[in-house]
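Everything numeric in this text was worked out from a predicted model, so none of it was measured. Starting from 1, each residue takes its place in the sequence as its number.
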Amino acid sequence: MPLAARLVSEVRRAAGGLPRQFWWLWTSTLVNRLGGFVVTFLALYLTVERGYSAAYAGLVAGLFGAGSAVAAIGAGVLTDRLGRRPTLLAAQVSTAVFTAVLAFTDGPVAIAVVAFLAGLANNASRPAVSAMIADLVPAADRVRAYSLNYWAINIGFGASGAVAGLIATHGYLTLFLLDALTTLLCAVVVFAKVPETLAHAEAEAAEEPSGPPIGLGAVFGDGRFMAVVGVNLLLALVYQQGSTTLAMDMGRHGISSSQYGLLVSLNGVLIVLLQLPLTRLMEGRDRTALLAAGALLTGWGFGLTAVAGSSVALYAMTVVVWTLGEIVSTPTMMALVAEQSPARARGRYQGVYSLSWSLASFVGPMAGGLLLQYGGSWALWGGCAAAGTLAAAAFLPIGRHRPVEQVAEQAAEPVATAV
C-alpha cells in the first residue's frame, strides 16, 4: 500500500467514534499551529533583523517563557470559573493582538514587555484545550484523542517551520502579521463551531462526591498528581535539549546548521508518520509500562548523543529513539492527567500540568548550557539518560489508576482554598 494511502487509512481508524466537536477543536489547533511562525523565528528576528545581542534575545525568550508559566496557572483557574470557550477565545484574540503589536514595537524594554504579554496570551489556551478534550471524549478514548491533537500540533509546526523561512525572506513584518491572522482564524473556528463544554464537566462532577470548591491549594496539595507533574518536568527538561544544547553540541563536532535543521525536522516527520499507527498499537496496553518505556526511550535517546561524535547517521539514530519516546509518552501522560483531574477542577489541574512545560522551557536551556560548558557532552547527555531512567522508575508507582474521588476527599481538607 502506498505511504499516502496507508496514512489515510490510519487517520480513518484513529478518527472513528470521536465527537464532531472534538474535530472542530482539532481543526482550530491545526490552523493555529500552521501559522505559528513567530515563536520559532523570534531569536533570529531579534539578532539578525533588529541587531540585538544573543544575550538580549535569550532574555526575551526567557520572558516569553515566564509569561507562559504565569498563564498556565491563571488560565487554568479561568477555564474552571468562566468556562473553556471564553478562556480559549480570549487567549487566541490576545495572542493575535500581541503578535501583531510585536512586529511594530521598538526599543529593548518595550519589546521585552510585549514578548512577556505574548507568551502570557499564547500559553493561556493550553489548559482550556486540554480540558475541552477531557470534557468531550470518554476516558477510554482519551489517549487516542490527545494523540490526534498532538499529531495536529506537529503537522502544523513542521509545515510552518518550512514555510516561515520562505516568508521571512520577504520581510519579518509579513511573518508576524500572518501569524496573527491565522490565530484570529483559529478563534473564528472556535467561536463558530466549538460549544462550551463546561456543562459536560459539571455533569461528571455531579456524579463525584460533593465537597467544597477545589482551589489551587488543593491541586498543589495533591501529592500523587504533583508527582506526575514533577516527573513530567524532568522529562520536559530533557526534551528542551533538542532545540537548544543539541545544536551547540553538534556544532562542536563539526555538524553544520543545515544538517542540524534536517536532523531536527526528522523528529516532526516521524511524529506525523508514526503517531497514529503507534497509538493504535498502544491501545489496551498497560499504561505504566508505556510511560516507563517512553521515559527510557526519551532519556537514553538523548543519552546516546554522547557517542554520536561527528557522525550524522548516529545523530539521526538518536533522534529516532527519543522521538519514539515522545510519541509514546506525551498522549499517555495527558490522558493520565485528565483521569487524575476531578471534573470540577479540570482546568486548574491542566494549568498546573502545563506549568511543568513552561518551567522546563525557562530552566532547560540554562541548565543544559551550563552542563555542556562545564561538564562537557558526556555530563549533559549522561544526565539526560539518568533523568529518563529516574522518570521511568518514578512511573512504576504513580502510573496506575487513581480514582478522582480521592481528590474530592482531599479537597475537603483545610488546604482546599478556592482560587
Side-chain angles (χ1 to χ4, degrees), residues 6-30 33 79 84-85 88 125-155 189-190 193-208 225 228 232 271-291 293-294 326-347 349-350 353-354 395 399-405 407:
R6 186 177 302 171
L7 190 59
V8 170
S9 175
E10 290 297 338
V11 171
R12 286 175 176 169
R13 273 200 199 96
L18 294 175
R20 183 181 59 181
Q21 296 95 326
F22 165 80
W23 286 109
W24 282 114
L25 188 62
W26 183 92
T27 301
S28 72
T29 298
L30 178 61
R33 295 296 175 169
T79 295
R84 285 71 158 121
R85 189 168 179 264
L88 181 55
S125 61
R126 181 178 285 185
V129 171
S130 297
M132 273 183 157
I133 293 174
D135 293 341
L136 291 168
V137 179
D141 294 324
R142 280 178 188 153
V143 170
R144 185 158 57 99
Y146 283 119
S147 291
L148 285 163
N149 195 64
Y150 192 62
W151 187 59
I153 289 170
N154 280 278
I155 291 174
V189 172
V190 171
K193 295 294 184 179
V194 180
E196 176 59 67
T197 64
L198 189 57
H200 294 257
E202 290 172 346
E204 290 182 52
E207 300 176 4
E208 297 173 359
F225 174 73
V228 172
N232 189 70
I271 291 175
V272 171
L273 294 179
L274 299 180
Q275 183 75 64
L276 299 187
L278 285 181
T279 298
R280 187 159 57 89
L281 290 176
M282 289 190 296
E283 288 181 356
R285 307 287 181 182
D286 180 74
R287 180 174 57 198
T288 303
L290 289 173
L291 290 169
E326 184 180 357
I327 290 171
V328 171
S329 293
T330 303
T332 310
M333 177 73 89
M334 294 182 74
L336 174 63
V337 170
E339 184 180 277
Q340 290 199 330
S341 309
R344 55 200 174 103
R346 197 165 270 158
Y349 272 75
Q350 293 290 350
Y353 170 69
S354 177
F395 276 132
R400 298 179 178 87
H401 174 73
R402 181 177 69 94
V404 295
E405 285 83 354
V407 181

Once you round to the nearest 0.5 Å, how far does CE of M334 lie from CG of N232? 9.5 Å
With a 4.5 Å cut-off on side-chain heavy atoms, are V194 and L88 touching? no
Answer whether the closest heavy-atom distance between the side chains of V129 and M132 falls below 4.5 Å. no
Pick one: which of R346, H200, Q21 meets side-chain hydrogen bond (donor to acceptor under 3.5 Å, both in side chains) with D135? R346
So which atom in V137 and which in P19 form the shortest heavy-atom distance, rounded to 0.1 Å? CG2-CD, 4.4 Å
Counting C-beta onward and ignoring hydrogens, is there a side-chain heavy-atom pair between P331 and Q275 closer than 4.5 Å? yes
Once rounded to the nearest 0.5 Å, what's the spacing between atom OG1 of T29 and atom CG of N149? 4.0 Å
Check whether any side-chain heavy atom of L148 sits under 4.5 Å from a side-chain heavy atom of W23, and report yes or no. yes
Does some side-chain heavy atom of V190 sit less than 4.5 Å from a side-chain heavy atom of W24? no
Straight-line distance of T330 OG1 to L291 CG, nearest 0.5 Å: 10.5 Å
Does the side chain to side chain contact (heavy atoms under 4.5 Å, CB included) test come out yes or no for Y146 and T332, once each step is laid out? CA-CA 8 Å; Y146 283 119; T332 310; over 6 Å; no
Would you compute the distance between atom CH2 of W151 and atom CD1 of I271 and round it to the nearest 0.5 angstrom? 12.5 Å
Distance-minimising heavy-atom pair for V143 and A335: CG2-CB, 3.4 Å
Nearest 0.5 Å please: distance from the CE atom of M282 over to the CG atom of L290. 6.0 Å
Got a second to check how far I327's CD1 is from L274's CG, nearest 0.5 Å? 5.0 Å
When you compare the side chain of R287 with that of L336, does any pair of heavy atoms fall below 4.5 Å? yes
Shortest non-hydrogen pair, D286 vs A289, comes out as OD2-N, 2.9 Å
Taking A128's backbone N and O only, do any of them form a donor-acceptor pair with R84's side chain (distance below 3.5 Å, no angle check)? no
Short side-chain to backbone donor-acceptor contact, S354 and Q350, under 3.5 Å: no
Do P277 and L281 come close enough that some side-chain heavy atom pair is under 4.5 Å? no
Please confirm whether the backbone N or O of N154 pairs with a side-chain atom of R33, one donor and one acceptor, at under 3.5 Å? no
Do side-chain atoms of Y353 reach the backbone of P127 as a donor and acceptor pair under 3.5 angstrom? no
